[in-house]
Amino acid sequence: MNRPIAPSPSRRKFIKDSTVLISGLVIGFYLPMKSGRAFAESMQSKTVYPPNAFIRIGSDESVTIILNKSEMGQGVYTSLPMLIAEELEADWSKISVESAPVAAVYNHTGFGMQLTGGSSSIPSSWEQLRKVGACARILLIRAGATTWNVPEDECFAEASFVIHRQTNRKLSYGSLAAAASKLALPENVTLKDPKDFKLIGKATKRLDTPLKINGSAQFGLDVYLPGMLTVLVARSPSFGGKLMRFDATEAKKIAGVEGVYPFENKIAVAASGFWPAKTARDLLEIEWDETAGSELTTSKMRADYLALAKTEGNIAVSIGDASGKINQSFKTVTAEYELPYLAHAAMEPLNVVVDLRKDACTIWTGTQSQTMDRAMAAKIADLKPEQVEIHTTFLGGGFGRRANPRSDFVMEAVQVAKLIGKPVKVVWTREDDTRGGYYRPMWADHIEAGIDAEGRPLTWKHTIVGQSIVADTPFEAFLTKNGIDSTSVEGAIAMPYSIPNLEVSLHSPKNAVTVQWWRSVGHSHTAFVVETMMDELAYLAGKDPIEYRLSLLSPDSRYRGVLQLVAEKANWNQNKLPQGHAIGVAVHQSFESYVAQVAEISLENGKVRVHRIVSAVDCGIAINPDGIHQQIEGAIVYGLSAALHGEITLEKGKVVQSNFNDYPPLRFSEMPSIEVHIVQSNQPPTGIGEPGTPPVAPAIANAVFALTGKRLRRMPFDQEAFG
Amino acid sequence: MISFSVNGKPVKVDADPGTPLLWIIRDTLHMTGTKYGCGIAQCGACTVHLDGNAIRSCVTPVSMVSGKNVNTIEGLSETSIGKTVQNAWKDIDVPQCGYCQSGQIMAATALLSKNPHPTDAQIASAMDGILCRCGTYNRIRSAIQKASEKLGDTK
């Protein structure tokens, strides 16, 4: 597999936004827009086919898939090529991948820009990439039929060959590439019936694994340019802080330090490498004005949020008379929930390499948001977006942080490059990354709910308090309606359960703490609140939690399938658990996928210990079942870290946590066993990167209640000491 | 000048003796398989072998490796045990983002070199210091067990 970085410069020159529309499918061409000579040279060095932005077939039989989604662990460098290869009838062993440059043809089919997020890579590419593959197959067959002078319908494609059925003659894709590249694109392409899939649905090994076991996979931090300086940036230690004055005398004495540059309320320290830059930055004497953040202390913010949660906010949904029915309820329950700020804490700290020239800016970074980053880089560098090139490296984890709506890390790096006038690599230390903001928001919730005499929910009044992650970003216009940021209430308003009186309202307070999407976004919060409250109602009604949920779901609800499957696989009804163990369940839909989980827990040394999580998932047609297993396993671990340990707190505007010692992700010895079961489906595929995270915390909290009778309504659970 | 060997090849570096080995490997030698994750020996992404022992290169001053043998992920396939571990990683398809995997593989190889048939508790103890945010821990355990079986086969 080619390294997903820096495709040959000659090829890049030809990728333009030139497109042709066929049956609603946009296919981009390689055209010699600028340099005809370079194009001709590249044609001579290697035959390139088809003239298509997503596939390149070489005369050496290589099939290179150019991918417009970033690989951050979620397996798109395997599952997306599977979509193309299925229709292309390509020999899977000949497939390699590379990352796409930034161009309109690579825009996300739903978002209209190049962006990897929202668990949408597969759903948004499902039609597009299969059509791309089918289109290329048709042209190759046409080229073969023309060569033999036989009717096209006597030919078919298989394992990178075109075959003439009657005579069994064969021509390889590599040998047909040049001829096929001259043909006009077909007007219609018909996609396979799913029953004919050969690759889709088959557990397929990741194409990037070989690079990731020998150190050769290239991440942003691994990019070194000649003459490049490493830059660390001193940023305000508190939100809203202002740089007053600084003294760099001692810092500049460090061997290897090239310069210290104040900019934009920050200070850049440039050096020959990370260590001198870090040593020098530590020696800066800086005075910050931190008055702006003095009110930002977690204990005070929590009290403020909880008080606000007792008052009605902007109405997100209102059905029936939620308030009025409280008094008519047979039994009621009122609960308050608290969830902290969370850092993404990807293993690879943020970093960006920038080579800024007079009329061009080249960037290497692991980004999820190429189009917006490019626009921001162009703005800062005073260039046109077309003059900015972004090489998307592998991402050492993303989890949303690397799709910043303000392009914060790219913007800063280009500002630094402009200051310094040499190629730079801006590196965030782990502490910078942990304290750098853009957190999953802190939340407080208040729910008042009541059941009728039969135990069925009668009313549910839910108030949510938390910052909007899209406020004052380009996404606000799309995602906020009538004052409601849809990402703040997702998972809480479209209730799958039959609840005749329902009200959800939202307060979106503003403060200087920067917030952002974090794996599963609003669902990371709402699933915990909704699914623990549903469990409370089940117990209030004296019903089994799974039976109770099933009784409130419509007969055709896809929630049923995952609940029933997880009940069966976890042996819910006749579970013979070890002494001191208990199980709990949660189910949630996010990104159009349905996940139910049963968690088995005990208490060890007064803390929650998770032993086993059984998961059932319905994500439509399973493209790569093993990839789905990986994503659910990973999403569960991500959810476990947050459920048990994760918490970012503030003291007068400063983040208390700094590194993995005080913001500890789950470790090996804490791992439960995990089982993943996939519901067979013929529905179109839906998201898989995020939906495994939301049910984790409520399933654990519900198990803790089953064991101890104590309701956990505040995350993380480590805060609770059990006697 | 500080002299030592990396993957069997002699190197000499002119550096502040307090510079962590990690940054000599990355910024001076431009061998990028060894990763920076925390800088305080909390995540293990920087794990390399020093005379066969797994160490955290982010907190090991380069002066401490003078005259010693450093082995990194780049040289791992030259040893049969390293190759066995890498193949097990492939069979189980362990990596997701992959950033921590060099450290995971180096730690696992050091474990199996000393103890080819570790118990589950020994595996957990050896691997507890290497963080993975993608949650590949159970696959790592399976891969170590698989490698352990293969090592048994060759005896």
Side-chain angles (χ1 to χ4, degrees), chain A residues 71-75 205-206 208-219 221-222 224 230 255-256 272-276 278-279 345-349 394-399 427 429-431 626 630-631 633-638 640-641 659-661 664-669 671 673-674, chain B residues 15-16 18-20 22-24 26-28 30-40 42-43 45 72-77 85-87 89-91 93-105 121 123-141:
Chain A
E71 176 58 84
M72 47 190 166
Q74 83 283 38
K205 289 257 194 297
R206 295 176 66 112
D208 55 358
T209 292
L211 300 179
K212 290 177 173 177
I213 59 166
N214 63 13
S216 65
Q218 193 165 26
F219 298 86
L221 206 61
D222 301 334
Y224 286 81
T230 300
S272 56
F274 177 93
W275 192 247
K278 162 93 166 53
T279 308
M347 287 308 301
E348 181 192 18
F394 276 121
L395 283 64
F399 313 121
V427 181
T429 64
R430 172 58 53 196
E431 290 80 3
D626 200 44
Q630 280 196 329
Q631 283 314 291
E633 291 161 15
I636 286 173
V637 175
Y638 208 72
L640 275 167
S641 294
N659 203 315
F660 293 131
N661 56 322
L666 200 81
R667 288 192 180 272
F668 193 102
S669 60
M671 270 300 279
S673 69
I674 293 176
Chain B
D16 177 336
T19 306
L22 170 66
W23 297 109
I24 299 296
R26 292 184 57 85
D27 283 351
T28 306
H30 289 180
M31 297 170 68
T32 56
T34 306
K35 302 304 187 194
Y36 165 68
C38 72
I40 57 167
Q42 285 291 309
C43 79
T72 69
I73 187 76
E74 285 90 351
L76 197 71
S77 64
V85 172
Q86 286 173 320
N87 284 335
W89 243 251
K90 267 197 259 185
D91 287 345
D93 225 5
V94 174
Q96 289 186 31
C97 91
Y99 193 78
C100 73
Q101 296 297 335
S102 297
Q104 304 282 3
I105 290 170
I123 293 174
S125 157
M127 303 307 293
D128 212 34
I130 325 286
L131 287 173
C132 172
R133 278 295 262 167
C134 298
T136 64
Y137 298 127
N138 287 348
R139 285 178 189 247
I140 289 169
R141 184 188 296 105

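By convention in this document, chain letters (A, B, ...) are assigned in the order of the sequence lines, proteins followed by strands, and residues within each chain are numbered from 1. Keep in mind the model is a prediction, meaning the values are calculated, not measured.
- Between B:Tyr36 and A:Phe274, the ring planes lie tilted relative to each other; the angle falls in the 30° to 60° range.
- For A:Met347, the parts sitting under 4.5 Å from any heavy atom of chain B are the backbone and the side chain alike.
- The contact between B:Val94 and chain A is made entirely by backbone atoms, counting heavy-atom distances below 4.5 Å.
- Between A:Asp222 and B:Lys35 there is a side-chain heavy-atom pair separated by less than 4.5 Å.
- Between A:Leu221 and B:Arg26, the closest side-chain pair of non-hydrogen atoms falls below 4.5 Å.
- Heavy atoms of B:Arg139 lying under 4.5 Å from chain A belong exclusively to its side chain.
- Ranked by heavy-atom pairs shorter than 4.5 Å toward chain A, the options B:Gly135, B:Gly98, B:Ser77, B:Cys97 are led by B:Cys97.
- Contacts with chain A were tallied for B:Gln86, B:Gln104, B:Met31, B:Gln101; B:Gln86 has the most, counting heavy-atom pairs under 4.5 Å.
- A donor-acceptor contact shorter than 3.5 Å is absent between the side chain of A:Lys205 and the backbone of B:Asp93.
- B:Gln96 places a side-chain N or O within donor-acceptor distance of the main-chain N or O of A:Gln630, the cut-off being under 3.5 Å.
- Contact record, A:Thr209 with B:Trp89: CG2-O, 4.3 Å, taken as the closest heavy-atom pair.
- Per-residue heavy-atom pair counts under 4.5 Å with chain B were compared for A:Gly273, A:Gly397, A:Pro349, and the maximum is reached by A:Pro349.
- Taken to the nearest 0.5 Å, the CD atom of A:Glu431 stands 8.0 Å off from the SG atom of B:Cys38.
- The candidate from B:Pro95, B:Gly75, B:Ala15 with the greatest count of non-hydrogen atom pairs under 4.5 Å with chain A is B:Pro95.
- Separation of atoms CG (B:Leu22) and CH2 (A:Trp275) is listed at 9.5 Å; rounding is to 0.5 Å.
- Expressed to the nearest 0.5 Å, how far SG of B:Cys134 lies from CD of A:Glu633 amounts to 11.5 Å.
- Distance check, rounded to the nearest 0.5 Å: CZ of A:Phe668 to CD1 of B:Ile140 gives 6.5 Å.
- Of all the listed residues (B:Glu74, B:Lys90, B:Arg133), the one sharing the greatest number of non-hydrogen pairs under 4.5 Å with chain A is B:Arg133.
- Between chain A and the options B:Asn138, B:Asp91, B:Leu131, B:Thr19, heavy-atom pairs under 4.5 Å are most frequent for B:Leu131.
- For the set A:Thr279, A:Asp626, A:Leu395, the count of heavy-atom pairs under 4.5 angstrom toward chain B peaks at A:Asp626.
- When atom types are taken as modelled, the side chain of B:Tyr99 and the backbone of A:Phe219 share no donor-acceptor pair closer than 3.5 angstrom.
- To the nearest 0.5 angstrom, B:Asn87 atom CG is 6.5 Å from A:Ile213 atom CD1.
- The distance from the CZ atom of B:Arg141 to the CE atom of A:Met671 is 7.0 Å, given to the nearest 0.5 Å.
- Looking at A:Ala345, both its backbone and its side chain come within 4.5 Å of chain B, counting heavy atoms on both sides.
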